[in-house]
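Structure first, commentary second.
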Number of protein chains: 2
Amino acid sequence: MSGTGEGDRTAARILDAAVDRFGRDGFGVGIRAIAADAGVSPALVIHYFGGKDRLRAACDAHVLAALAAEKHRSATDGTAAGLIARLAEIEGFAPMTAYILRSLREGGDLARAFMEQLIADSTAYLEAGVAAGVIRPSRDPVARSRMLSYQAAGSMVLWLTLHPEYAEPDAFARGLNAFVTETMVPMLEVYAEGLYTNPALLEEYLSQLPDTSSSSSSSSEAES
Amino acid sequence: MSGTGEGDRTAARILDAAVDRFGRDGFGVGIRAIAADAGVSPALVIHYFGGKDRLRAACDAHVLAALAAEKHRSATDGTAAGLIARLAEIEGFAPMTAYILRSLREGGDLARAFMEQLIADSTAYLEAGVAAGVIRPSRDPVARSRMLSYQAAGSMVLWLTLHPEYAEPDAFARGLNAFVTETMVPMLEVYAEGLYTNPALLEEYLSQLPDTSSSSSSSSEAES
DNA sequence: GTACCGATTAAACGCTTGTTTAATAGCGGA
DNA sequence: TCCGCTATTAAACAAGCGTTTAATCGGTAC
């Protein structure tokens with residue numbers, strides 16, 4: 001019968017090595033390096049996964065599945081840095097976290113899927129905050145959570161890109177901690193008190209737009 | 001005498017081709033592609049610049065010099081998207097803009113220099129806004145402008161990474177326009193009205209920090 | 001005239017890349 | 001015992017990489 005043979009464990013080891021290497025060195029890394037990490041020959045990598053492109057696709061699927069499984073374990077707090085930091089602290093999740101961050105830098109399907117999920121979580125989190133009375137309601141809640149998600153994830157990725165001393169997956173926890181320490185106070189300040197003294201600036205901008213009634217979430221839905 | 005010979009114009013053509021190719025395809029692109037774009041042989045590229053690494057360093061210096069020259073022409077508005085969008089619209093600056101964005105994605109010295117400059121501009125701009133009474137004062141103005149610069153640049157870079165249909169330098173203007181259109185309203189909303197209903201959240205966080213008096217800008221100055 | 005010099009290139013070198021080919025070893029079933 | 005299947009690999013392949021070597025032009029100075 002098709003019982004789990006010896007090769008399945010080897011394939012899993014190759015997949016783990018691929019996620020780790022891709023996350024550390026980017027998707028330009030060679031198959032030979034991945035094979036060496038997994039303790040197998042380069043040919044075996046291709047034998048199991050069919051090629052480099054399909055190996056990356058398998059990594060995408062693997063990380064995405066692990067992400068979905070982790071999501072069931074505990075509710076997210078809706079922020080990108082919070083989610084990433086929590087993932088990085090989970091035993092054995094650091095390589096996957098690095099893989100996600102690498103995908104956000106180089107682009108690809110996993111990055112888009114991750115952002116969509118982050119935006120969805122953030123939307124639900126903010127909505128709950130609005131219902132609880134701690135978050136201000138928005139004229140366009142989805143657009144706001146999109147913007148906040150892009151800002152949170154983008155600033156974190158950019159900060160880590162410019163601070164390569166935190167590149168190793170072991171240093172992620174420290175790097176994210178440093179990033180949060182550096183940005184938390186001004187972020188809370190802006191979110192708690194605003195940035196402009198005159199709220200009328202927003203109204204002015206809105207009044208000069210062509211139409212403000214039916215363009216609620218058209219821009220975010222028209223891009224898929 | 002050492003008048004500008006024929007080779008200087010050729011070297012400039014190679015440099016322009018390198019900036020364009022690096023910006024379009026990333027720093028992994030081959031020297032042969034750059035040489036073909038410039039209409040010369042690969043060996044001539046190395047003859048003039050000494051190797052791929054030094055060619056990229058020359059590109060960095062070239063873009064940085066052009067950026068400094070452009071800075072003298074008109075004052076910036078202090079925002080990342082505003083600066084990039086204005087650069088992209090200048091005749092012939094689109095390839096350099098792409099080069100900057102590519103550097104922000106892959107890291108390197110130019111990316112760090114660009115962010116430092118952006119933060120400096122943003123700090124001055126916000127300070128002027130505070131003096132004029134339209135921007136709220138901050139407990140740590142530099143940290144706030146750092147955070148806002150990272151959020152603005154990071155969200156833009158991430159958005160463009162996930163929307164590869166705007167990858168060509170010709171499409172930059174449209175892409176940045178789409179990004180601004182998508183994020184401007186919720187951004188103004190948060191900046192004008194805040195995100196939290198209760199400003200005391202910030203005070204609570206500040207009071208639980210070890211010390212809030214002398215840690216003003218230590219984190220941002222300790223990283224150079 | 002000829003010796004030199006910068007511009008330029010074709011060709012090759014050594015290396016790495018992703019992938020293929022062919023082979024070896026081990027094991028379960030007929 | 002032989003067949004077939006899976007796991008696995010060494011070796012080769014073709015292509016691409018950055019770079020080097022050696023050569024060819026076209027001036028310009030002496």
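All of these numbers come straight from a predicted model, not from anything done at the bench.
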* Hey, is the main chain of A:L118 close enough, under 3.5 Å, to the side chain of A:S122 for a donor-acceptor pair? -> no
* Pick base, sugar-phosphate or nothing for B:V29, based on heavy-atom distances below 4.0 Å to the nucleic acid. => sugar-phosphate
Under 3.5 Å, which N/O atoms of the protein pair with N/O atoms of nucleotides 19-27 of chain C?
unit_1: C:dT19; atom_1: OP2; unit_2: A:K52; atom_2: N; d: 2.7

* Asked: Does D:dT6 have OP1 or OP2 sitting under 4.0 Å from an N or O in the side chain of A:Y48?
  -> no
* Taking only residues two or more places apart in sequence or in another chain, which ones pass ring-ring contact (aromatic ring centres under 6.0 Å, His included) with A:F22? -> A:F27
* Considering the terminal five base pairs at each end of the helix from C:dG1-D:dC30 to C:dA30-D:dT1, what angle separates the two local helix axes, rounded to 10°? -> 30°
* **Under-4.0 Å side-chain N/O to phosphate OP1/OP2 contact, B:T10 with C:dT8** => yes
* Does the side chain of B:L158 reach to within under 4.5 Å of the side chain of A:V157, using non-hydrogen atoms? -> no
* **Atom-pair distance (CG on B:L44; C1' on D:dA23), nearest Å** => 15 Å
* Asked: Which residues satisfy the salt bridge (charged side-chain N to carboxylate O under 4.0 Å, His left out) test with A:E168, sequence neighbours excluded?
  -> A:R24
* For the side chain of B:R32 and the backbone of B:P42, is there at least one donor-acceptor N/O pair under 3.5 Å apart? -> no
* Given atom CZ of A:F49 and atom C1' of D:dA7, what is their separation to the nearest angstrom? -> 14 Å
* To do: Mind checking side chain to side chain contact (heavy atoms under 4.5 Å, CB included) for B:D25 and listing every partner two or more places apart, or none if nothing turns up?
  => B:R21, B:V29
* Between D:dA7, D:dA10, C:dT8, spot the one nearest the side chain of A:H47, thanks. => D:dA7
* **Listed partners of A:R102 passing salt bridge (charged side-chain N to carboxylate O under 4.0 Å, His left out), at least two apart** => A:E106
